[in-house]
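First listed ligand is number 1; within each ligand, the first listed atom is number 1.
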Amino acid sequence: MYKIPQISFDATILSSPIEYLKGVGPLRADLLKKELQIFTFKDLLDHFPLRHIDKTKVNTIASVNQSMDYVQVAGTITEIVTLGENRSKRLVATLRDATGEMELVWFRGIQYIGKGIEVGRPYLVFGKPGYFNSTLQITHPEMENYTPEKAGGRSWLEPVYPSTEKLKIKSLGGRQIGKLTSGLVSSLTERDLPENLPESIVRHFGFPTRFEAYSRIHFPASEPEYKAAVDRLRFEELFIAQLRMGLIRLERHRYSKGVVFAQVGELFNTFYHQYLPFALTGAQKRVLKEIRQDMAHGRQMNRLLQGDVGSGKTMVALLAMLLAADNGFQSGLMAPTEILATQHYTGITGLLKDMPVNVALLTGSTKAAERKKILKGLAAGEIHLLIGTHALLEEKVAFQNLGLAIIDEQHRFGVEQRARLWKKAAIPPHILVMTATPIPRTLAMTAYGDLDYSIIDEMPPGRKPITTVHRYEYARASVMDFIRSEIDKGRQAYIIFPLIEESEKLDLENLMRGYENVKAFFPEPKFWISMVHGKQTPDVKETNMQRFVRHDTQIMVSTTVIEVGVNVPNASVMVIESAEKFGLSQLHQLRGRVGRGSEKSFCILLTGPQITNEARERLKTMCATNDGFLIAEKDLELRGPGDIEGTRQSGMLNFKLADIVRDKSWLDAAKQFAESVVVTDPSLQSAENLRLKAYLHSQKGKHAWSKIS
Ligand code: ADP
Ligand code: MG
C-alpha cells in the first residue's frame with residue numbers, strides 16, 4: 001500500500017515568538033515588533049537583506065573615493081589620538097596600507113574602542129568613505145583583525161539588513177539583525193522548512209530546495225547562489241498566490257448556486273434583431289457569450305468586465321438585463337453618480353421605448369411619491385429594470401426576484417457595498433462589475449484572479465483616434481482660439497479643473513476663477529457655458545449637464561465629477577487644466593469623454609511651466625497613445641501596484657519579494673503552473689501535490705484574501 005508521506009508545516013520552531021530567539025529577549029522583541037513587525041522566528045527569516053557585501057574584496061586606500069558606497073581596506077594602524085572637547089570630542093586613528101593613509105573616526109564609545117585598537121596591528125576595515133577637511137576618512141567603521149590568508153580564504157557575502165534609526169540606537173542595526181538571523185538560520189534544519197513545491201516544478205526550474213533558498217537568500221556563498229534563491233522564493237510567492245486564487249475560483253464555480261437563465265427569449269431576440277442601433281463589435285459579442293454561458297449553468301456569475309472608455313459596455317449590460325427579463329428575473333444597474341445613472345436611464349429607456357420592458361430610475365433625489373411607487377413596483381415584480389445610484393443598496397429597496405446586478409465603473413464602489421447587493425435575493429444574483437479603468441493584465445490576474453474576467457478590447461468602428469497635445473499656460477489664448485474654431489464648426493468643448501487643494505473651498509474658488517476666465521474668452525450671448533461641480537445640488541448639476549447634452553451650451557466647465565461615463569458625442573475638445581496634477585488613469589478617463597462622435601477630437605493638456613519628471617512622463621504617455629491598456633501598464637510602472645485604484649484593499653499584491661512589474665515572466669510561469677495544478681488535481685490529492693496541500697492548510701487564516709464581490 002502506498003504510504004502517505006508525513007509533511008508538517010505546523011508547530012515548527014518558526015512559529016515561536018521572537019523573544020525566545022537567542023539574543024533577543026523581551027525588550028528587543030518589543031522593538032522588533034514595533035519597528036519591523038517581526039513577531040515570530042519566521043518573520044525574522046522573512047526579513048530579507050537589502051543587499052550583500054563581498055568581504056573578500058579589499059580596496060587599496062589610494063583607490064578609495066567619496067563616491068563609493070562602502071569600501072573595505074586592509075592596513076596597519078600607525079597612530080591613535082583623542083581630539084576635541086565635549087561634543088566634538090573624537091577618537092582618530094590613522095590607517096596605512098602600501099598605497100596611502102586614511103583616518104578612522106569615532107564620536108561615541110571612544111574609551112571602549114580606544115582600548116580595543118592596537119598601534120602596529122593589521123586590521124580589515126569596512127565602512128562608508130567620506131572627506132572631512134579634505135582628509136579621507138571613515139566614521140564608525142567596522143573593524144576586525146586582519147590576516148591576508150583569512151580574507152582570501154573567505155568566500156561568502158555578508159548581508160545588509162534594513163533597520164531603523166530607533167533600532168540602531170538600541171544596538172539592533174543591520175549587523176546585529178544579521179547576527180540574530182545567522183543564529184536562527186544555523187539552528188534550522190530541512191524539517192523546519194519543508195519543501196512545498198511539487199518536485200516536478202523544482203526540477204523544471206532547477207530550483208534550490210526551500211530550505212536551501214532560505215539559508216542562501218541570507219547567507220549566499222556567491223552571487224549566482226543568491227540569485228537562484230531569490231528566484232525560487234519569488235516564484236513560490238507568485239505560484240502560491242495564483243494557486244490559491246485558482247482554487248477559490250474553482251470552488252465558486254462548483255458550489256455557488258446561481259439562478260438559471262435557461263433561454264434566450266422574446267425580449268432579447270426582438271431587441272437584438274429590430275432595435276439594436278448598430279452591429280455589435282466582435283469583442284462585445286464574445287463577452288456577451290461569456291456572460292450567457294455563466295448564467296445558463298446554475299452557478300452564480302461573478303464577472304469583471306473591463307473595457308476602455310467608449311468600448312460599448314452599456315450595450316452589453318442592457319442585453320444581459322434583457323436576458324434576465326426573458327427568464328422572469330429583475331435586474332439592477334448601479335452607477336456611481338447621479339449624472340451617470342440618469343444618463344443610463346435616458347439612454348436605455350430611449351432604446352427600449354417600443355418594447356414591453358418597464359424601466360425605473362432611483363437616486364437620492366427621487367421624490368418621495370415617485371419613490372414609493374417604484375418600491376411598490378419592484379416588490380410586485382412590475383419593474384423589470386431598476387437603474388440608480390447607491391440608493392439601490394438601501395434596505396427598503398426590495399426586489400421581487402433580483403437575478404442580475406450590474407455595477408458600472410467598479411472602482412467607485414467598495415467591496416462591502418457590492419456584498420450588500422448579494423443579500424437582495426434568496427439566491428445571490430449574478431454580478432457583473434464593469435470598469436473602464438483599464439487594469440494591466442498582470443495586475444488583473446493577481447488582484448482579481450479569483451473572479452471571472454472579460455475584456456472588450458476592440459472599439460466600435462469609425463472611431464478616430466484623439467489627438468492629444470501638451471501646452472503650457474502661456475499658450476492659453478491660442479488654446480481658447482482653437483476651441484472657438486471648433487465651436488464655429490458646431491462642436492462642443494469640456495474644460496476640466498482639478499480637485500487638488502486641501503479644502504473644497506479652495507477648489508471651488510479655483511474653479512470659479514477658471515470659469516470667469518473662460519467667460520472672458522467666450523462672452524454671452526454668442527456663447528453659453530455650463531458649469532458642474534460637486535458642491536451643487538443634484539438638481540442644479542443635472543440641469544447644467546442637460547443644457548450641455550442638448551447643445552444649449554457649447555462649453556462645459558467642470559471639476560472631475562464628469563470623469564466617468566458621461567456621453568456627449570458632439571463634444572470634440574477636452575481641455576484639462578493643471579494636467580500635471582492628474583494621474584494617468586484619470587487623464588485617460590477624462591480624455592475618453594471626447595472622441596465619441598464621428599468628428600475628429602482633441603485633448604489639450606495644459607500645465608504650468610514647472611513639472612516634475614514623473615508628470616512629464618505621464619503627459620508624454622498621454623500624447624503618445626490612446627490605448628488604455630498601454631497607459632495602465634505605464635501607470636503601474638510609474639506608481640507601482642500599491643497605488644493602482646481598486647487594488648489597494650485587495651491585499652494580494654503585498655508580496656515580500658515578488659514585484660509583478662519586474663517579475664512579469666515569473667508571474668506568467670507561476671500562473672501557468674498553478675493553472676495546470678488546478679485543472680489536473682484540484683483537490684491536491686496526488687502524491688506530488690501533497691506538499692502543496694499541507695502548506696496551504698498551514699497558511700489558512702494568515703491572509704485576508706478579500707474577493708472583490
Ligand atoms: P463605455 O464602455 O465607456 O461605457 P458606452 O457604452 O457608453 O461605452 O458606449 C460608447 C458609445 O459607443 C455609445 O454612444 C454607444 O452607443 C456606442 N457604441 C457602443 N457599441 C457600439 C457598436 N458596436 N458600434 C457602434 N457604436 C457603438
Ligand atoms: Mg460607461
Check ligand 1 against [X] and write out every atom of the ligand that is under 4.0 Å from a heavy-atom position of the residue.
{"X": "D308", "result": "2 (O)"}
{"X": "L280", "result": "23 (N)"}
{"X": "T281", "result": "23 (N)"}
{"X": "R596", "result": "3 (O), 7 (O), 10 (C)"}

(message) Between ligand 1 and G307, can you find any atom pair, the residue atom being a heavy atom, that is separated by under 4.0 Å?
(response) no
(message) If we only consider heavy atoms of P569, is any one of them less than 4.0 Å away from an atom in ligand 1?
(response) no
(request) Could you pull out the closest heavy-atom pair between D627 and D308, with the gap in Å? (result) C-OD2, 4.2 Å
Please determine if [X] and [Y] form a salt bridge, counting it only when a charged side-chain N lies under 4.0 Å from a carboxylate O.
{"X": "R371", "Y": "E394", "answer": "yes"}
{"X": "R491", "Y": "E599", "answer": "yes"}
{"X": "E577", "Y": "R476", "answer": "yes"}

(message) Centre-to-centre under 6.0 Å for F399 and F329, is that the case here?
(response) no
(request) Apply side-chain contact (heavy atoms from CB on, under 4.5 Å) to D488 and list each qualifying residue two or more places apart in sequence or on a separate chain. (result) R484, K526
(message) Working note: H430 + D294, criterion side chain to side chain donor-acceptor pair (under 3.5 Å); need CA distance, chi angles, decisive distance, verdict.
(response) CA-CA 9 Å; H430 297 300; D294 276 2; over 6 Å; no
(request) May I ask you to check if ligand 1 and A279 share an N or O to N or O distance below 3.5 Å? (result) yes
(message) So, regarding G312 and ligand 1 (criterion: nitrogen or oxygen to nitrogen or oxygen, under 3.5 Å), is there a contact or not?
(response) yes
(request) Please work out whether any backbone atom (N, CA, C, O) or any side-chain heavy atom from C-beta onward of Q284 is under 4.0 Å from ligand 1, and answer side chain, backbone, both or neither. (result) side chain
(request) With heavy atoms under 4.0 Å as the rule, classify the contact between T314 and ligand 1 as side chain, backbone, both or neither. (result) both
